There are 2 protein chains.
Amino acid sequence: MDRADRALLEALQADSSRSIAELAGCVNLSPSACHRRIKALEEQGLILGYAARVDPRRLGLAVEVFVEITLNSQSREAMDRFERAVCDFDDILECHLMSGTSDYLLRVAAADLDHYDRIHRDCLARLPGVSAMKTSFSLRRIKRFAGYSVPS
Amino acid sequence: MDRADRALLEALQADSSRSIAELAGCVNLSPSACHRRIKALEEQGLILGYAARVDPRRLGLAVEVFVEITLNSQSREAMDRFERAVCDFDDILECHLMSGTSDYLLRVAAADLDHYDRIHRDCLARLPGVSAMKTSFSLRRIKRFAGYSVPS
DNA sequence: CATGAAACTCGATGGCA
DNA sequence: TGCCATCGAGTTTCATG
(Lines give C-alpha, C1' and ligand atoms only; values in the text may rest on other atoms or scores of the structure.)
Protein backbone atom coordinates (compact mmCIF):
# COMPACT_ATOMS: atom_id res chain seq x y z
CA MET A 1 0.00 0.00 0.00
CA ASP A 2 1.58 3.25 -1.11
CA ARG A 3 0.94 6.92 -0.59
CA ALA A 4 -1.92 7.13 -3.07
CA ASP A 5 -3.79 4.24 -1.44
CA ARG A 6 -3.41 5.82 1.97
CA ALA A 7 -4.65 9.18 0.74
CA LEU A 8 -7.55 7.42 -0.96
CA LEU A 9 -8.51 5.62 2.25
CA GLU A 10 -8.49 8.85 4.20
CA ALA A 11 -10.64 10.50 1.55
CA LEU A 12 -13.12 7.62 1.43
CA GLN A 13 -13.47 7.59 5.19
CA ALA A 14 -14.12 11.32 5.15
CA ASP A 15 -16.64 11.30 2.30
CA SER A 16 -17.36 8.28 0.15
CA SER A 17 -20.07 10.03 -1.83
CA ARG A 18 -17.60 11.95 -3.94
CA SER A 19 -17.29 10.83 -7.54
CA ILE A 20 -14.29 8.80 -8.63
CA ALA A 21 -13.12 11.72 -10.76
CA GLU A 22 -13.12 13.99 -7.70
CA LEU A 23 -11.30 11.44 -5.56
CA ALA A 24 -8.77 10.93 -8.33
CA GLY A 25 -8.17 14.68 -8.33
CA CYS A 26 -7.35 14.67 -4.61
CA VAL A 27 -4.76 11.93 -5.05
CA ASN A 28 -3.31 12.95 -8.42
CA LEU A 29 -4.47 9.80 -10.16
CA SER A 30 -6.31 9.15 -13.38
CA PRO A 31 -9.98 8.26 -12.82
CA SER A 32 -9.49 4.72 -14.11
CA ALA A 33 -6.44 4.17 -11.94
CA CYS A 34 -8.37 5.53 -8.98
CA HIS A 35 -11.23 3.17 -9.73
CA ARG A 36 -8.86 0.20 -9.82
CA ARG A 37 -7.22 1.22 -6.56
CA ILE A 38 -10.55 1.39 -4.79
CA LYS A 39 -11.56 -2.02 -6.15
CA ALA A 40 -8.28 -3.43 -4.89
CA LEU A 41 -8.81 -1.93 -1.43
CA GLU A 42 -12.28 -3.48 -1.32
CA GLU A 43 -10.99 -6.88 -2.39
CA GLN A 44 -8.18 -6.79 0.15
CA GLY A 45 -10.80 -6.26 2.83
CA LEU A 46 -9.51 -2.86 3.90
CA ILE A 47 -12.86 -1.35 3.02
CA LEU A 48 -15.56 -3.33 4.82
CA GLY A 49 -18.38 -1.41 3.21
CA TYR A 50 -20.02 1.97 2.85
CA ALA A 51 -22.43 3.58 5.25
CA ALA A 52 -24.33 6.74 5.95
CA ARG A 53 -23.08 8.72 8.92
CA VAL A 54 -26.11 9.55 10.98
CA ASP A 55 -26.34 12.31 13.55
CA PRO A 56 -27.51 10.66 16.79
CA ARG A 57 -28.82 13.95 18.19
CA ARG A 58 -31.08 14.48 15.18
CA LEU A 59 -32.24 10.91 15.67
CA GLY A 60 -33.31 11.90 19.13
CA LEU A 61 -30.43 10.02 20.76
CA ALA A 62 -29.07 12.84 22.90
CA VAL A 63 -27.39 10.66 25.51
CA GLU A 64 -24.28 8.61 24.80
CA VAL A 65 -23.35 6.22 27.54
CA PHE A 66 -20.28 4.14 28.29
CA VAL A 67 -20.78 1.19 30.62
CA GLU A 68 -17.91 -0.67 32.26
CA ILE A 69 -18.81 -4.17 33.25
CA THR A 70 -17.20 -6.69 35.56
CA LEU A 71 -18.26 -10.32 35.49
CA ASN A 72 -18.68 -12.71 38.42
CA SER A 73 -16.51 -15.26 36.72
CA GLN A 74 -13.89 -15.00 34.02
CA SER A 75 -14.44 -18.56 32.87
CA ARG A 76 -14.67 -19.21 29.17
CA GLU A 77 -18.33 -20.21 29.49
CA ALA A 78 -19.35 -17.10 31.42
CA MET A 79 -17.63 -14.84 28.91
CA ASP A 80 -19.14 -16.64 25.93
CA ARG A 81 -22.62 -16.36 27.41
CA PHE A 82 -22.14 -12.67 28.13
CA GLU A 83 -20.78 -11.93 24.66
CA ARG A 84 -23.60 -13.74 22.92
CA ALA A 85 -26.13 -11.77 24.93
CA VAL A 86 -24.41 -8.49 24.06
CA CYS A 87 -24.61 -9.27 20.35
CA ASP A 88 -28.33 -9.97 20.64
CA PHE A 89 -29.23 -6.55 22.05
CA ASP A 90 -29.49 -3.85 19.39
CA ASP A 91 -29.27 -1.10 21.98
CA ILE A 92 -25.67 -2.07 22.72
CA LEU A 93 -23.86 -0.36 19.89
CA GLU A 94 -20.35 -1.52 20.58
CA CYS A 95 -18.55 -3.81 22.99
CA HIS A 96 -14.91 -4.42 23.84
CA LEU A 97 -13.21 -6.95 26.05
CA MET A 98 -10.85 -4.78 28.06
CA SER A 99 -7.62 -4.93 29.94
CA GLY A 100 -7.51 -3.16 33.29
CA THR A 101 -10.01 -3.12 36.14
CA SER A 102 -13.19 -3.85 34.21
CA ASP A 103 -13.87 -6.76 31.91
CA TYR A 104 -15.99 -5.15 29.23
CA LEU A 105 -16.70 -1.70 27.88
CA LEU A 106 -20.12 -1.14 26.31
CA ARG A 107 -21.41 1.78 24.37
CA VAL A 108 -25.08 2.67 24.36
CA ALA A 109 -27.14 5.57 23.02
CA ALA A 110 -30.44 6.73 24.45
CA ALA A 111 -32.95 9.47 23.87
CA ASP A 112 -32.97 10.66 27.48
CA LEU A 113 -32.52 9.34 30.99
CA ASP A 114 -35.93 7.66 30.99
CA HIS A 115 -35.03 5.86 27.82
CA TYR A 116 -31.68 4.87 29.28
CA ASP A 117 -33.46 3.56 32.34
CA ARG A 118 -35.61 1.42 30.06
CA ILE A 119 -32.56 0.11 28.22
CA HIS A 120 -30.95 -0.57 31.58
CA ARG A 121 -33.91 -2.62 32.79
CA ASP A 122 -34.68 -4.42 29.53
CA CYS A 123 -31.21 -5.07 28.26
CA LEU A 124 -28.24 -4.27 30.50
CA ALA A 125 -29.79 -5.79 33.62
CA ARG A 126 -30.47 -8.98 31.66
CA LEU A 127 -26.87 -9.57 30.70
CA PRO A 128 -25.75 -12.79 32.37
CA GLY A 129 -23.02 -13.06 34.98
CA VAL A 130 -22.58 -9.35 35.72
CA SER A 131 -21.19 -8.49 39.15
CA ALA A 132 -20.57 -4.74 38.73
CA MET A 133 -21.64 -2.08 36.29
CA LYS A 134 -20.26 1.45 36.15
CA THR A 135 -22.13 3.89 33.96
CA SER A 136 -20.58 7.08 32.58
CA PHE A 137 -22.51 9.62 30.55
CA SER A 138 -21.00 11.68 27.79
CA LEU A 139 -21.84 15.28 28.62
CA ARG A 140 -20.53 16.61 25.34
CA ARG A 141 -18.88 15.15 22.29
CA ILE A 142 -15.62 17.02 21.80
CA LYS A 143 -14.45 15.13 18.74
CA ARG A 144 -16.54 12.87 16.56
CA PHE A 145 -15.06 9.67 15.13
CA ALA A 146 -14.40 10.35 11.46
CA GLY A 147 -12.42 7.35 10.36
CA TYR A 148 -9.05 5.96 11.32
CA SER A 149 -5.97 7.98 10.56
CA VAL A 150 -4.06 5.89 8.08
CA PRO A 151 -0.55 5.23 9.36
CA SER A 152 2.23 5.93 6.89
CA MET B 1 -40.43 10.69 10.53
CA ASP B 2 -42.44 7.56 9.89
CA ARG B 3 -41.74 3.84 9.66
CA ALA B 4 -40.34 4.01 6.12
CA ASP B 5 -37.86 6.74 7.04
CA ARG B 6 -36.66 4.79 10.04
CA ALA B 7 -36.22 1.61 8.01
CA LEU B 8 -34.37 3.64 5.37
CA LEU B 9 -32.01 5.09 7.96
CA GLU B 10 -31.21 1.65 9.33
CA ALA B 11 -30.56 0.38 5.82
CA LEU B 12 -28.34 3.32 4.91
CA GLN B 13 -26.30 2.92 8.06
CA ALA B 14 -25.84 -0.76 7.31
CA ASP B 15 -24.93 -0.35 3.66
CA SER B 16 -25.21 2.91 1.78
CA SER B 17 -23.78 1.45 -1.42
CA ARG B 18 -27.00 -0.30 -2.34
CA SER B 19 -28.89 1.18 -5.25
CA ILE B 20 -31.98 3.26 -4.67
CA ALA B 21 -34.07 0.58 -6.33
CA GLU B 22 -32.76 -2.01 -3.87
CA LEU B 23 -33.35 0.25 -0.88
CA ALA B 24 -36.83 1.02 -2.14
CA GLY B 25 -37.48 -2.72 -2.26
CA CYS B 26 -36.54 -3.15 1.38
CA VAL B 27 -38.95 -0.46 2.45
CA ASN B 28 -41.80 -1.12 0.01
CA LEU B 29 -41.44 2.24 -1.65
CA SER B 30 -41.24 3.31 -5.28
CA PRO B 31 -37.71 4.26 -6.35
CA SER B 32 -38.66 7.89 -6.83
CA ALA B 33 -40.34 8.06 -3.44
CA CYS B 34 -37.29 6.43 -1.88
CA HIS B 35 -35.02 8.97 -3.56
CA ARG B 36 -37.13 11.83 -2.23
CA ARG B 37 -37.11 10.39 1.29
CA ILE B 38 -33.32 10.13 1.30
CA LYS B 39 -32.94 13.69 0.02
CA ALA B 40 -35.24 14.87 2.78
CA LEU B 41 -33.21 13.01 5.42
CA GLU B 42 -30.05 14.64 4.10
CA GLU B 43 -31.60 18.10 4.13
CA GLN B 44 -32.93 17.65 7.65
CA GLY B 45 -29.37 16.90 8.72
CA LEU B 46 -30.10 13.36 9.89
CA ILE B 47 -27.57 12.06 7.41
CA LEU B 48 -24.31 13.88 7.96
CA GLY B 49 -22.59 12.22 5.03
CA TYR B 50 -21.42 8.96 3.59
CA ALA B 51 -18.21 7.17 4.41
CA ALA B 52 -16.29 3.99 3.81
CA ARG B 53 -16.08 1.66 6.79
CA VAL B 54 -12.44 0.72 7.12
CA ASP B 55 -11.13 -2.32 8.98
CA PRO B 56 -8.56 -1.01 11.47
CA ARG B 57 -6.84 -4.39 11.74
CA ARG B 58 -6.25 -4.52 8.00
CA LEU B 59 -4.88 -1.01 8.26
CA GLY B 60 -2.34 -2.33 10.71
CA LEU B 61 -4.11 -0.72 13.68
CA ALA B 62 -4.40 -3.78 15.91
CA VAL B 63 -4.62 -1.93 19.21
CA GLU B 64 -7.64 0.09 20.25
CA VAL B 65 -7.14 2.17 23.34
CA PHE B 66 -9.48 4.06 25.64
CA VAL B 67 -7.87 6.75 27.78
CA GLU B 68 -9.61 8.35 30.74
CA ILE B 69 -8.27 11.75 31.57
CA THR B 70 -8.55 13.97 34.63
CA LEU B 71 -7.55 17.61 34.45
CA ASN B 72 -5.77 19.69 37.09
CA SER B 73 -8.38 22.34 36.87
CA GLN B 74 -11.97 22.32 35.67
CA SER B 75 -11.90 25.99 34.78
CA ARG B 76 -13.40 27.04 31.49
CA GLU B 77 -9.95 28.09 30.21
CA ALA B 78 -8.26 24.80 31.10
CA MET B 79 -11.01 22.80 29.44
CA ASP B 80 -10.99 24.95 26.32
CA ARG B 81 -7.22 24.60 25.97
CA PHE B 82 -7.43 20.84 26.44
CA GLU B 83 -10.25 20.44 23.94
CA ARG B 84 -8.51 22.50 21.30
CA ALA B 85 -5.38 20.38 21.68
CA VAL B 86 -7.42 17.18 21.36
CA CYS B 87 -8.93 18.35 18.09
CA ASP B 88 -5.47 19.12 16.70
CA PHE B 89 -4.12 15.60 17.15
CA ASP B 90 -5.20 13.21 14.41
CA ASP B 91 -4.27 10.18 16.50
CA ILE B 92 -7.09 10.98 18.89
CA LEU B 93 -10.05 9.53 17.06
CA GLU B 94 -12.80 10.52 19.42
CA CYS B 95 -13.23 12.50 22.61
CA HIS B 96 -16.05 12.92 25.10
CA LEU B 97 -16.47 15.14 28.11
CA MET B 98 -17.70 12.72 30.73
CA SER B 99 -19.68 12.57 33.90
CA GLY B 100 -18.29 10.46 36.71
CA THR B 101 -14.77 10.21 38.08
CA SER B 102 -12.80 11.19 34.98
CA ASP B 103 -13.18 14.34 32.96
CA TYR B 104 -12.59 13.09 29.45
CA LEU B 105 -12.67 9.81 27.57
CA LEU B 106 -10.38 9.53 24.54
CA ARG B 107 -10.21 6.84 21.91
CA VAL B 108 -6.97 6.07 20.12
CA ALA B 109 -5.85 3.39 17.68
CA ALA B 110 -2.29 2.17 17.28
CA ALA B 111 -0.41 -0.45 15.32
CA ASP B 112 1.24 -2.00 18.37
CA LEU B 113 2.49 -1.06 21.81
CA ASP B 114 5.57 0.69 20.40
CA HIS B 115 3.34 2.79 18.22
CA TYR B 116 1.07 3.53 21.17
CA ASP B 117 4.11 4.56 23.18
CA ARG B 118 5.02 7.00 20.40
CA ILE B 119 1.50 8.39 20.32
CA HIS B 120 1.63 8.69 24.10
CA ARG B 121 4.86 10.68 24.03
CA ASP B 122 4.09 12.81 20.97
CA CYS B 123 0.44 13.48 21.52
CA LEU B 124 -1.17 12.41 24.80
CA ALA B 125 1.69 13.62 26.99
CA ARG B 126 1.48 17.01 25.29
CA LEU B 127 -2.14 17.61 26.17
CA PRO B 128 -2.28 20.59 28.50
CA GLY B 129 -3.48 20.51 32.10
CA VAL B 130 -3.65 16.74 32.56
CA SER B 131 -3.32 15.48 36.13
CA ALA B 132 -4.14 11.79 35.66
CA MET B 133 -4.40 9.43 32.72
CA LYS B 134 -5.79 5.90 32.86
CA THR B 135 -5.21 3.75 29.81
CA SER B 136 -7.30 0.68 28.97
CA PHE B 137 -6.60 -1.57 26.01
CA SER B 138 -9.25 -3.35 24.05
CA LEU B 139 -8.22 -6.99 23.99
CA ARG B 140 -10.93 -7.99 21.56
CA ARG B 141 -13.77 -6.26 19.80
CA ILE B 142 -16.93 -8.14 20.69
CA LYS B 143 -19.32 -5.97 18.73
CA ARG B 144 -18.42 -3.43 16.08
CA PHE B 145 -20.31 -0.15 15.86
CA ALA B 146 -22.59 -0.44 12.84
CA GLY B 147 -24.81 2.60 13.10
CA TYR B 148 -27.33 3.78 15.66
CA SER B 149 -30.46 1.79 16.19
CA VAL B 150 -33.26 4.07 15.11
CA PRO B 151 -35.76 4.49 17.95
CA SER B 152 -39.38 4.02 16.98
C1' DC C 1 -50.40 18.78 -3.97
C1' DA C 2 -48.29 14.39 -3.51
C1' DT C 3 -47.04 10.37 -6.01
C1' DG C 4 -45.33 7.35 -9.70
C1' DA C 5 -43.52 6.66 -14.32
C1' DA C 6 -40.55 7.72 -18.00
C1' DA C 7 -36.95 10.14 -20.30
C1' DC C 8 -32.67 12.09 -19.86
C1' DT C 9 -28.02 12.72 -18.32
C1' DC C 10 -24.02 11.71 -16.06
C1' DG C 11 -20.70 8.79 -14.07
C1' DA C 12 -19.16 3.94 -13.29
C1' DT C 13 -17.61 -0.13 -15.62
C1' DG C 14 -15.02 -3.15 -18.83
C1' DG C 15 -12.39 -3.93 -23.05
C1' DC C 16 -8.90 -2.48 -25.88
C1' DA C 17 -4.69 -0.31 -27.66
C1' DT D 1 -1.80 2.17 -17.72
C1' DG D 2 -4.82 5.39 -20.23
C1' DC D 3 -8.58 5.99 -23.36
C1' DC D 4 -13.04 5.22 -25.27
C1' DA D 5 -17.64 3.00 -25.71
C1' DT D 6 -21.21 0.94 -23.28
C1' DC D 7 -24.30 0.40 -19.73
C1' DG D 8 -26.67 1.28 -15.54
C1' DA D 9 -28.17 4.20 -12.02
C1' DG D 10 -29.35 8.90 -10.27
C1' DT D 11 -31.88 13.02 -11.46
C1' DT D 12 -35.37 15.83 -13.34
C1' DT D 13 -39.62 16.55 -15.47
C1' DC D 14 -44.14 15.63 -16.49
C1' DA D 15 -48.59 13.49 -16.10
C1' DT D 16 -51.98 11.61 -13.01
C1' DG D 17 -54.99 10.65 -8.92
Side-chain angles (χ1 to χ4, degrees), chain A residues 1-61 144-152, chain B residues 1-61 144-152:
Chain A
M1 196 173 70
D2 70 346
R3 251 182 70 95
D5 285 324
R6 283 195 290 269
L8 216 42
L9 269 175
E10 296 264 17
L12 285 169
Q13 285 188 108
D15 180 11
S16 70
S17 65
R18 276 180 290 181
S19 73
I20 286 191
E22 259 184 291
L23 287 165
C26 303
V27 197
N28 280 337
L29 235 52
S30 77
S32 48
C34 184
H35 176 247
R36 272 192 280 266
R37 295 284 183 109
I38 293 172
K39 283 287 151 209
L41 292 170
E42 286 172 357
E43 275 157 26
Q44 288 162 34
L46 276 151
I47 295 176
L48 296 170
Y50 298 88
R53 271 198 228 285
V54 167
D55 186 350
R57 301 191 71 110
R58 296 269 178 156
L59 256 185
L61 298 171
R144 177 187 299 279
F145 176 64
Y148 293 96
S149 74
V150 181
S152 45
Chain B
M1 194 173 67
D2 70 348
R3 252 182 68 94
D5 286 324
R6 283 195 290 269
L8 219 41
L9 270 175
E10 296 264 16
L12 286 169
Q13 285 187 104
D15 180 10
S16 70
S17 64
R18 275 181 291 183
S19 72
I20 286 190
E22 260 183 290
L23 287 165
C26 304
V27 197
N28 281 336
L29 238 51
S30 76
S32 50
C34 184
H35 177 246
R36 271 193 278 265
R37 293 286 183 111
I38 294 173
K39 285 284 152 212
L41 293 170
E42 287 172 356
E43 275 157 27
Q44 288 162 32
L46 276 150
I47 295 176
L48 296 170
Y50 299 88
R53 270 198 228 285
V54 168
D55 186 350
R57 300 190 73 108
R58 296 267 178 158
L59 256 185
L61 298 170
R144 178 187 298 281
F145 175 65
Y148 293 95
S149 75
V150 182
S152 44

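Chain letters run A, B, ... following the sequence lines, proteins first, then strands; residues in each count from 1. All values reported here derive from a predicted model rather than from experimental measurement.
- Looking at residues 15-52 of chain A, you'll see A:Ser19, A:Ile20, A:His35 sit with a heavy atom under 4.0 Å from some atom of DNA chain C.
- Reading DNA chain C from its 5' end, the first and the last nucleotide to sit under 4.0 Å from a heavy atom of chain B are C:dT3 to C:dA5.
- Considering all non-hydrogen atoms of both residues, A:Leu61 and B:Pro151 come closest at CD2-CG, 4.0 Å.
- A donor-acceptor pair is defined here as one N or O able to donate and one able to accept, closer than 3.5 Å; such a pair exists between the side chain of A:Arg18 and the backbone of A:Ala11.
- The number of heavy atoms from other shown groups lying within 6.0 Å of CZ (A:Arg144) is above 12.
- In this structure, the separation between CG on B:Leu23 and CG on B:Asp15 is 8.0 Å, given to the nearest 0.5 Å.
- B:Val150 places a side-chain heavy atom less than 4.5 Å from the side chain of B:Gln13.
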*asked:* side chain to side chain contact (heavy atoms under 4.5 Å, CB included), that's the test. Do A:Leu46 and A:Asp5 meet it? Break it down for me.
replied: CA-CA 11 Å; A:Leu46 276 151; A:Asp5 285 324; over 6 Å; no
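- Side-chain N or O atoms of A:Arg53 include none that pairs as donor or acceptor with a backbone N or O of B:Ala51 at under 3.5 Å.
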